Novice: 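Before we start, here is the structure in question, set down as structure tokens.
Predicted model, so just to flag it, every value in this text is computed and none were measured.
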Amino acid sequence: MKNYELLTIFKPSLDSEELDKVVDKISEEVKSYEGSVSSIDKMGRKKLAYDVQGYRDGYFTNLIVSLPAESIVEFKRNLKLNENVLRFMLMEESKKTQTV
């Protein structure tokens with residue numbers, strides 16, 4: 001299994017309880033693909049660079065997940081179908097971090 005970083009922007013109309021439920025649902029979905037979530041970072045509400053689906057801001061979260069490679073396509077498809085997700089980016093976590 002590979003480690004991935006999932007940056008997700010949720011609709012700003014969600015309250016904190018609804019946001020927690022949606023993040024928990026995504027975590028459960030990762031576990032259903034026999035993956036795991038190692039960290040969840042709720043970065044809060046931030047202004048977007050441009051309007052996305054009519055919204056000027058959104059709730060940002062960052063999850064570090066481990067998923068099998070064969071389940072990535074289906075996981076991305078389910079994120080696209082989630083009506084509370086405005087945008088997401090799933091990146092493979094690099095093994096080497098560069099220091100300057």
Side-chain angles (χ1 to χ4, degrees):
M1 274 197 282
K2 292 184 178 181
N3 289 334
Y4 297 92
E5 184 175 350
L6 174 65
L7 178 66
T8 312
I9 305 172
F10 295 102
K11 290 182 177 180
S13 58
L14 299 174
D15 64 9
S16 62
E17 290 179 10
E18 291 173 331
L19 182 64
D20 290 339
K21 287 180 185 177
V22 174
V23 171
D24 289 342
K25 183 179 176 185
I26 291 173
S27 297
E28 290 299 319
E29 188 175 342
V30 168
K31 292 174 186 171
S32 73
Y33 291 118
E34 298 177 7
S36 63
V37 178
S38 56
S39 74
I40 299 173
D41 181 19
K42 296 177 184 169
M43 297 185 282
R45 190 171 178 161
K46 296 185 180 192
K47 185 170 174 29
L48 301 173
Y50 54 90
D51 287 3
V52 177
Q53 297 178 9
Y55 295 104
R56 293 183 166 260
D57 54 348
Y59 287 108
F60 284 67
T61 61
N62 191 15
L63 284 79
I64 305 297
V65 298
S66 296
L67 282 169
E70 59 272 3
S71 64
I72 294 297
V73 173
E74 185 67 22
F75 180 65
K76 284 183 175 181
R77 182 182 156 292
N78 288 334
L79 282 173
K80 287 178 187 176
L81 294 175
N82 189 332
E83 68 273 356
N84 293 314
V85 175
L86 294 177
R87 291 280 192 272
F88 72 91
M89 183 169 47
L90 185 69
M91 303 167 286
E92 187 176 338
E93 197 172 48
S94 64
K95 294 181 181 177
K96 294 182 181 179
T97 56
Q98 298 178 350
T99 57
V100 178

Novice: Out of curiosity, Ile64 CD1 to Ser39 OG, how far, rounded to the nearest 0.5 Å?
Specialist: 4.5 Å

Novice: Hydrophobic cluster mates of Leu19, side-chain heavy atoms under 4.5 angstrom, ILVMFWY only, any path?
Specialist: Tyr4, Leu6, Phe10, Leu14, Val22, Val23, Ile26, Val30, Tyr33, Val37, Ile40, Tyr59, Leu63, Val65, Leu67, Ile72, Phe75, Leu79, Val85, Phe88, Leu90

Novice: With side chain to side chain donor-acceptor pair (under 3.5 Å) as the rule and sequence neighbours excluded, what pairs involving residues 64-77 come up?
Specialist: Asn3-Ser66, Glu74-Arg77

Novice: Run the salt bridge (Lys or Arg N to Asp or Glu O under 4.0 Å) test against Lys2 and tell me which residues pass, sequence neighbours left out.
Specialist: Glu92

Novice: Can you name the residues that form a side chain to side chain donor-acceptor pair (under 3.5 Å) with Asn82, not counting sequence neighbours?
Specialist: none

Novice: Applying side chain to side chain donor-acceptor pair (under 3.5 Å), which residue pairs with at least one partner in residues 16-26 are found, sequence neighbours left out?
Specialist: Asp20-Lys42

Novice: If you link I, L, V, M, F, W and Y whenever their side-chain heavy atoms are under 4.5 Å apart, who else ends up in the same group as Val73?
Specialist: none

Novice: For Glu34, which residues count as a side chain to side chain donor-acceptor pair (under 3.5 Å) partner, sequence neighbours excluded?
Specialist: none

Novice: Name all residues meeting the side chain to side chain donor-acceptor pair (under 3.5 Å) criterion together with Ser36; count only those two or more places apart in sequence or in a different chain, and write none if there are none.
Specialist: none

Novice: So, using salt bridge (Lys or Arg N to Asp or Glu O under 4.0 Å) as the criterion, who are the partners of Arg45 when residues are at least two apart?
Specialist: Asp57

Novice: For residues 79-90, pull every pair meeting salt bridge (Lys or Arg N to Asp or Glu O under 4.0 Å), keeping only residues two or more places apart or in separate chains.
Specialist: none

Novice: Residues sharing Phe60's hydrophobic cluster, by side-chain heavy-atom contacts under 4.5 Å among ILVMFWY, directly or via others?
Specialist: Leu7, Ile9, Met43, Leu48, Tyr50, Val52, Tyr55, Leu86, Met89, Met91

